[in-house]
Amino acid sequence: MHLPQHFLLALFLVFSNVLFATEQLSYTKDIKPIFDNRCVTCHSCYNSPCQLKLSSFEGLTRGASKEDIYANRLSAVEPSRLFVDAKTEEQWRKRDYFSVTKKEESNESIMLRLLKEKQKNPINKGDYSPETDELACVKNQKELDDYLEDNPHKAMPYGFPALSKKEHNILKSWLNSSKLKDDKKDLTTTLEKNQIKKFEKFFNNENIKYQVTARYIYEHLFLAHLSFDKNSQNFFQIVRSRTKSGKIDIIATRFPYTQIEEKFYYRIRPITSTIVHKTHMVYSLDDKKLQTYKDLFINTKWHEKPHMPLFDTKVSVNALKTFKQIPAKSRYKFILDDIHYFIMTYIRGPVCKGQIALNVINDHFWVMFMDPEADITVNDKNFLDNNLKNLSIPNKYGETPDLIETFTIIKNYQQAKIYFENKNKVYKNHYPKGLGFEHLWKGNKNSNDSVLTIYRHFDSASVHKGALGNIPKTMWVIDFPLIERLYYSLVAGFDVFGSTSHQFLVRKHMDRLRIEGETNFLEFLPKDVRREHFNSWYKGWFAKRLSFYIPSDNEPNINYETKKYKTEFTNKLFSYLNIQKDKINFIDKEYVPAKILERYTNKKEIEETLKTLTLPNNSKFIQYHTDDKTNLAYIKIELENGENLIYTMIINRWHDNVALMFDEDSRLNPKKDRINFIKGIVGSYPNIFIKVKQKDLHEFFTLINDYQESQEEEKLILKYIINRANPNFWDDYDWFTNEFKKQNKLQFGLFDLNRYYQKAINNH
């Protein structure tokens, strides 16, 4: 029998698709989207389980490690930064990273075994907390067999629903293929290439003034995700390379100010890893910015003849001294031009995790800035030089300070005392009538950055333009020497791979810097009430002993008409800076709480109830849920007209003081906790997703308002929260992710689910 020719052709095409399916799979088009949507949410930073970073092909190739980056250690370890500290798979193997894609005895890789086990055991049971669980980090099939025998329900994705059959089969086919390869392409646009040429030419100009300027800018932008086009999804990073052109050859150094013995060049390279929000700190570069650099640094007369400062980690860490040849006002204006970025660098980076680091700040506060024309520290040409010895930072002791050096932090209290006394004296001389609103910076044009709001979410934090929330317990005013030391202590000079003593020193020094910011704010209140305000922030005998405060005798140049000084200051500040009050969270004295309605018909009614729930003790829910996994909730309100409202519920915990590193729970006061509801999505680490239909708002708000932790209420709340065991979890995750991207494409990055609410409750 002769089959028709076209039938044979069709049959051939069908079988060829089967035979060559794995060869046709593209990492960029087929594999990376699955990793991005289902794996990068946990595997993207130093806190990635087993250090397995799946945000790039290079991270997949590097594999996993048993070493815990955040472990307590007596001495520093060698850095293991992807793309920097090793560049080939062989180099990573020598550093004890092991493959998760290599086939072993069972002819399956570790990754594929973990994915297949999840398909067999999709039900999640118990608690899942990747950052605190003792993960096996198996490196071979024997270890994997033992792990799965004891933990059949802890395969991948860890503590979340399994991949869809389609996703699983695609990954299975690709992982079973003979050779895994990357196929990414350079998507840099012509505009971006031209801008890179301009900036590399500027940074690599041989003129000494350009070279010192380039060094200063590099040390401040080495973590930045550079953007040349707000409509592009391409981001770049400035690095130090052995090559002036062509392929970039990064020179690995522990700190951005570490000396390089060989000739190097500043280069700008594309960031090829998937963008994750927790490390996505955008800094825009364009022709206007280049001209600003020239105006601030090149076309300005310097204090000294330009010369390259020493590259000495014990000296270079103090930029106030290292770059004193550059006018302080130029350096301060450079920082203020992108102040949101710089505050964000030490609030969100360089670590991806840090409860001990972040319990040095309150859960909610505002930050203001001294105007560069009024900041005496930059306008008095002798002030900084005369006080440099009192402005040292402990990072000068390096990544492994010894015990004697560790306890020298106590000397900083004496240094701080001298510095405050000197500063109070010089301000008295320059401003005998005291400080007023005219001495505060008005922000960049159309940027709403004259005041920034910082929210702490237990072991992460976020920074926002404008004054969000109600009047906070504390506020800061930052001047030039404070912002520079904050940056070099917590960003440029902070070593994730350093010893515990290094990180302890940085944490304790941050106490001084926090108090300095608070002290600057108190100078705007009457001198007779400053000590009272300060003491209210540091309750407890031990906290008072550790928290030094040197108030000045200078009265502010502000005409106070009431005894509620902080409230009056805030209202006058808002008027002076033309700041809008937070419509949901700011509570005026005449505010009358709203009642929970039987039925909600519009957005205004919904937000009135949200406003009432922000009042102290108006939400019993937060008194029962005060652990570190209940800080951020993303709420989707599904309206009957098909639209959706999105809010982030932030729990601000009240601390009697933040002067101590340990035993934080003993200093919490849940009765003073507050909820803030922010429009849109805030933060990088959601603890829970919530969905509420319009018709259920009465029930939901009543639950939040009157929660008593009864069995009935615990069961009812599962009606609204998206538990990690919910089979439809990924659909909701995708929805919130897409909405976050719509909110701000330039600032968008993937959430991290490592801190999602840990209890797996299967009630479906």
Notebook entry, point to check: Can you check ring pair (Phe, Tyr, Trp, His ring centres under 6.0 Å) on Y685 and F458, steps first, answer last?
Noted result: CA-CA 10 Å; Y685 298 87; F458 185 67; over 10 Å; no
Please determine, by modelled atom types, if [X] and [Y] share a side-chain donor-acceptor pair under 3.5 angstrom.
X	Y	answer
H277	S684	yes
H364	T453	no
T274	K32	yes
Y720	E699	yes
S710	E713	yes
S284	Y341	no

Distance check, rounded to the nearest 0.5 Å: [X] atom [atom1] versus [Y] atom [atom2]?
X	Y	atom1	atom2	value
L513	W476	CG	CH2	7.5 Å
I587	K581	CD1	NZ	10.5 Å
I339	I478	CD1	CD1	6.5 Å
N652	N676	CG	CG	5.0 Å
I335	I343	CD1	CD1	9.0 Å

For the rings on [X] and [Y], is their centre-to-centre separation under 6.0 Å?
X	Y	result
F677	Y647	no
Y634	F740	no
F437	F569	yes
Y560	F524	no
Y128	Y757	no

Checklist line | Ion pair E640/R599, N-O distance below 4.0 Å | finding: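 Salt bridge: yes.
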Taking [X] for its side chain and [Y] for its backbone only, find out whether a donor-acceptor pair lies under 3.5 Å.
X	Y	result
N687	R755	yes
K539	R667	no
E568	E561	yes
D582	N470	no
H340	V463	yes
W366	L468	yes
N744	Q747	yes
T41	L753	no
T345	F342	yes
R530	E523	yes

Ignoring hydrogens, what is the shortest heavy-atom contact between [X] and [Y]? Give both atom names and the distance.
X	Y	result
N520	V477	ND2-O, 2.9 Å
K566	T474	NZ-N, 4.4 Å
I688	I722	CD1-O, 4.0 Å
Y332	D371	CE2-C, 4.4 Å

Next item on the list: Check the angle between the aromatic planes of F701 and Y600 and answer parallel, tilted or perpendicular using the 30° and 60° thresholds.
Entry: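 Correct class here is perpendicular.
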Check: Mind checking whether H457 and Y455 have parallel, tilted or perpendicular rings, split at 30° and 60°?
Finding: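 Taking Y455 first and then H457, their aromatic rings lie parallel (interplane angle under 30°).
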Next item on the list: Test ring pair (Phe, Tyr, Trp, His ring centres under 6.0 Å) on F235 and F228 and set out the steps.
Entry: CA-CA 8 Å; F235 297 96; F228 297 101; over 10 Å; no
Margin query: For Y733, run the ring pair (Phe, Tyr, Trp, His ring centres under 6.0 Å) check against W735, W730, F736 and tell me which one passes.
Written below: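 The residue from W735, W730, F736 that satisfies ring pair (Phe, Tyr, Trp, His ring centres under 6.0 Å) with Y733 turns out to be W730.
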Next item on the list: Using the salt bridge (Lys or Arg N to Asp or Glu O under 4.0 Å) rule, take K333 and E373 through it: C-alpha gap first, then chi angles, then the decisive distance, then the call.
Entry: CA-CA 10 Å; K333 285 183 175 181; E373 302 303 325; 3.4 Å; yes
Next item on the list: Decide yes or no on side-chain hydrogen bond (donor to acceptor under 3.5 Å, both in side chains) for E438 and Y576, but give the supporting numbers first.
Entry: CA-CA 8 Å; E438 67 275 14; Y576 176 74; 5.9 Å; no
Item checked: pair T567-T570: side-chain heavy atoms closer than 4.5 Å ->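 Of all side-chain heavy-atom pairs linking T570 with T567, none is under 4.5 Å.
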Notebook entry, point to check: Is any side-chain heavy atom of I650 less than 4.5 Å from a side-chain heavy atom of I678?
Noted result: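 I650 reaches I678 side chain to side chain.
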Does [X] make a cation-pi contact with [Y], if we ask for NZ or CZ under 6.0 Å from the ring centre and within 45° of the axis?
X	Y	result
R724	F160	yes
K671	W654	no
K289	Y283	yes

Check: Under the side-chain hydrogen bond (donor to acceptor under 3.5 Å, both in side chains) criterion, do S164 and E167 qualify, and how do the steps go?
Finding: CA-CA 5 Å; S164 69; E167 291 168 334; 3.3 Å; yes
Next item on the list: Go through the steps for Y565 and E532 under the test side-chain hydrogen bond (donor to acceptor under 3.5 Å, both in side chains), then give the verdict.
Entry: CA-CA 12 Å; Y565 299 109; E532 178 186 349; over 6 Å; no
Note to self: One pair to check against salt bridge (Lys or Arg N to Asp or Glu O under 4.0 Å): K465 and D449. What are the steps and the verdict?
What the structure shows: CA-CA 5 Å; K465 293 181 179 181; D449 56 1; 5.1 Å; no
Next item on the list: Sequence neighbours left out, what passes side chain to side chain contact (heavy atoms under 4.5 Å, CB included) with E608? Give chain and number order.
Entry: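 Expected list: Y591, A594, K611.
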Notebook entry, point to check: T614 and N585: side-chain hydrogen bond (donor to acceptor under 3.5 Å, both in side chains), yes or no, with the steps?
Noted result: CA-CA 6 Å; T614 70; N585 302 290; 4.8 Å; no
Evaluate whether atom [atom1] of [X] has more than 12 neighbouring non-hydrogen atoms of other residues, nucleotides or ligands under 6.0 angstrom away.
X	atom1	value
K741	NZ	no
K473	NZ	yes
Q580	CD	no

Item checked: Residue of the set S462, S44, S460 for which side chain to side chain donor-acceptor pair (under 3.5 Å) holds with K278 ->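 It is S44, the one option of S462, S44, S460 that forms the side chain to side chain donor-acceptor pair (under 3.5 Å) with K278.
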Note to self: Could you go through K636 and E739, starting from their C-alpha distance and side-chain angles, then the distance that decides it, and tell me whether this counts as salt bridge (Lys or Arg N to Asp or Glu O under 4.0 Å)?
What the structure shows: CA-CA 10 Å; K636 173 188 180 184; E739 289 300 313; over 6 Å; no
Next item on the list: Determine, stepwise, if the pair R38 / D734 fulfils salt bridge (Lys or Arg N to Asp or Glu O under 4.0 Å).
Entry: CA-CA 9 Å; R38 301 293 177 260; D734 290 341; 2.8 Å; yes
